[in-house]
Structures are given as C-alpha cells and as structure tokens.
2 protein chains.
Amino acid sequence: MASDSVRSRILAAGQRITPQRDLVAEVLEQADRPLSAQELLAAVEARDRRIGRATVFRTLQSLQEAGIVQQVPRPGGQGGYLLCATSGHHHHLVCQRCGRVEDLPEEEVAAFVGAVARDHGFAVDHASFELSGTCAACR
Amino acid sequence: MASDSVRSRILAAGQRITPQRDLVAEVLEQADRPLSAQELLAAVEARDRRIGRATVFRTLQSLQEAGIVQQVPRPGGQGGYLLCATSGHHHHLVCQRCGRVEDLPEEEVAAFVGAVARDHGFAVDHASFELSGTCAACR
DNA sequence: CTCTTTTCTGAGACCAGGTATCATCTCGTT
DNA sequence: AACGAGATGATACCTGGTCTCAGAAAAGAG
C-alpha cells in the first residue's frame, strides 16, 4: 500500500483510489530513482499479473496530472517516471552514478528564469531545468 | 542543397557528405521550427521516395553528435528535431504560439548552473534549460 | 581515371512506449 | 443495497526508433 501522504494527494486531485493506482504509486514510492516504462510495467505485473498495460499508463498520466509523478527526460540516456516528494513545480539534479534524483525547488530558479525572460521579451509559461552529473554522496 | 556552413560543419565532424545527409540537413534548415519524426520523414520522403527510414534516423543521430541538430523535448507536446544556428551547447526558448525557437547561449546560464551546483555539492556534466511561452513577436 | 578502403545505405524485421476502443466491473455515494 | 460515474483489462493499433546485413558509393591513393 502506498503511503498515506500519496493517497491523500490522489484524493486531493479528485481521483479515486483503486488497487491499481495504489500499486503503481507504491512501486514508484519504493524506487529511489526514476523507473522506465518497462521497469515499471515489470514491477507492477510482478505484483499483480492481471493488471492491464493501458491501466498502468492511464494511472501514470493521472498521477502526473495530480503532480505526484513526473516524467524526467534525459539527454542521451533513457528517462523515466519519478514519484516526487516535492509537490509543486520543481526541477531535478540527476546523479548519473547512483541514479538518485534531488529536487530543486522552483524558488531557486524563479529569479533566474525571470531575468532571462525579461532580457528576451519572452513570456514564460513553463520552465524546465535539469542538471545531470554526480551527487555529493557519490563524489 | 544544404547551406555551405552546415556542410562544412558535417565535414568538420569527420563525416561524409552524402545526398541523404544533405537532404535531411536541408529539410531541417528550411523549417523554422522543430520537426517531429513524422514531419521530417514525410518531408524527406516527399523529395526522395527511395530514402530509407533507418538512414534518416541514423543521419539525425550523426547530426546530433556533430552538434548540428538538437532534439528538443517538450513538456506535454511532442518534441522535435531542430537544426541549431548556434554551434556550441546552448538552450532554448520555445514559442508555443508560432513554434519558433530562440537560442540561449550557454554563457547566459553558466553562472547560474555553477551557483546551483555549488549549493548542492553537485558536479554538473550536463545542464538543460528549456523555456516555453510566448515570444516577443507574438505578444 | 580507377582502385581500394571505409563508410553509408535501403529493406525489412523487430522493439519500446504509448493510445484507442469498448464491454465489463467497481468505487464512493445515497 | 442500489446506482451511476468513472476505472479497468483485452486487444488492436500507432509512432518513433533500433538492428542486421548485403550491396552501393564516398574520398583518398596511385
């Protein structure tokens, strides 16, 4: 079963809690790094062989809309699905060594985004900032 | 035929110039916004029906390695392939209205990336910064 | 210009990731 | 317990992309 905080975030987004959603959330919660579609499907199917492909992807989409899950693209490597502790919009520092992801709160980039936007006369809807490298622990 | 500057960048990367590469580069050069895989395949096949799928993707990969083409991911929408005027590493401001992409040189983000990395004890290999919104012209 | 080496190409099978459809089932409420 | 919106699973299908391999064709050497 997924943690209470995740379950309440699902409810807060106006979505039902079903065994399938709970399972997907739990699998992501227990992983400490982004999971690819394949890894996720495998992990979920290992626990409930009857779960449908479409359901898993639909669930991922709902969880993304609820801001619980993010899809992290990675230049070169394959991205994945990540259950984020931080609930608002935020950014990521991805360690290429251990795979762990550190959240970078929006506040830490807001001023910079604003400055760039001003300089270019650009009205920003969405900013995405991703760093990949080696985390403090792995160095 | 693609522009001389693009052709010389292909050569500089130690790659041969073939009619197929030239064609892919030309199609991208003539588009002023990122093209999806489908659009690109269609545009390329419209000019040379005999060109192979694999060749187009291989070419895209070579051009990416040569820093001539970038693959821009887009949150929500589908990303695409973009021929970049700027040759070094850089970032993008993508207009959701007209689709045009403005380059943001690495220098404009380097200091910020450095500061974030320092604060988090993170050694940065690669930084990706993408803004989407509305460009000055469309506003 | 022709030879040689190296690289590239095209066809087609294959794979990953994801969407569409639709009949059936179940959650949360009354 | 009954109901209706919403979720599910099976399956077919789609996009984007990779792999293989025999044959073709660049670019440099003679």
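Quick note on labels: first sequence line is chain A, next is B, and so on, each numbered from 1. Because the structure is a prediction, the values reported are computed rather than measured.
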Exercise. Asp22(B) CG to dT7(C) C1': how many Å, rounded?
Worked result: 17 Å
Exercise. Heavy-atom contacts under 4.0 Å between residues 42-61 of chain B and DNA chain C, which residues?
Worked result: Arg50(B), Ile51(B), Gly52(B), Ala54(B), Thr55(B), Arg58(B)
Exercise. Given dG16(D), is OP1 or OP2 found less than 4.0 Å from the side-chain N or O atoms of Gln71(B)?
Worked result: no
Exercise. For the ring pair Phe112(A) and Phe129(B), is the centre-to-centre distance below 6.0 Å?
Worked result: yes
For this session: Carefully, step by step, assess Leu23(A) and Gln20(A) under the rule side-chain contact (heavy atoms from CB on, under 4.5 Å).
Result: CA-CA 5 Å; Leu23(A) 178 53; Gln20(A) 294 84 348; 5.7 Å; no
Exercise. Is a side-chain N or O of Asp22(B) found less than 3.5 angstrom from the main chain of Ala2(B), in a donor-acceptor match?
Worked result: yes
Problem set entry | Residue mapping more 5' on DNA chain C - nearest nucleotide basis, Gln20(B) or Arg16(B) | Arg16(B)
Exercise. Do the side-chain N or O atoms of Gln15(A) get closer than 4.0 angstrom to the phosphate oxygens (OP1, OP2) of dC27(C)?
Worked result: no
Exercise. Looking for any heavy atom pair under 4.0 Å, which part of the strands does Leu41(B) touch: base, sugar-phosphate only, or nothing?
Worked result: nothing
Exercise. Between Thr18(A) and dT8(D), does any side-chain N or O lie under 4.0 Å from OP1 or OP2?
Worked result: yes
Exercise. Glu29(A) side chain to Ser3(A) main-chain N or O, any donor-acceptor pair under 3.5 Å?
Worked result: yes
For this session: Take the protein atom CG of Leu11(B) and the nucleotide atom C1' of dG28(D), then report the distance between them rounded to whole Å.
Result: 14 Å
Problem set entry | CZ on Arg49(B) to CD1 on Ile51(B), rounded to 0.5 Å | 12.5 Å
For this session: Using a strict 4.0 Å threshold on nitrogen-to-oxygen distance, state whether Glu26(B) and Arg21(B) make a salt bridge.
Result: no
Exercise. To the nearest angstrom, how far is Arg21(B) atom CZ from dT7(C) atom P?
Worked result: 11 Å
Problem set entry | Test item: Leu41(A) and Arg53(A) side chains (from C-beta on) under 4.5 Å apart, heavy atoms | yes
Problem set entry | Between dA26(D) (P) and Arg7(B) (CZ): distance, integer Å | 12 Å
Problem set entry | d(CG, Leu23(B); P, dT9(C)) in whole Å | 11 Å
Problem set entry | Between dC27(C) (P) and Ile10(A) (CD1): distance, integer Å | 14 Å
Exercise. Atom CD of Gln64(A) and atom C1' of dT19(C): how far apart are they, to the nearest Å?
Worked result: 14 Å
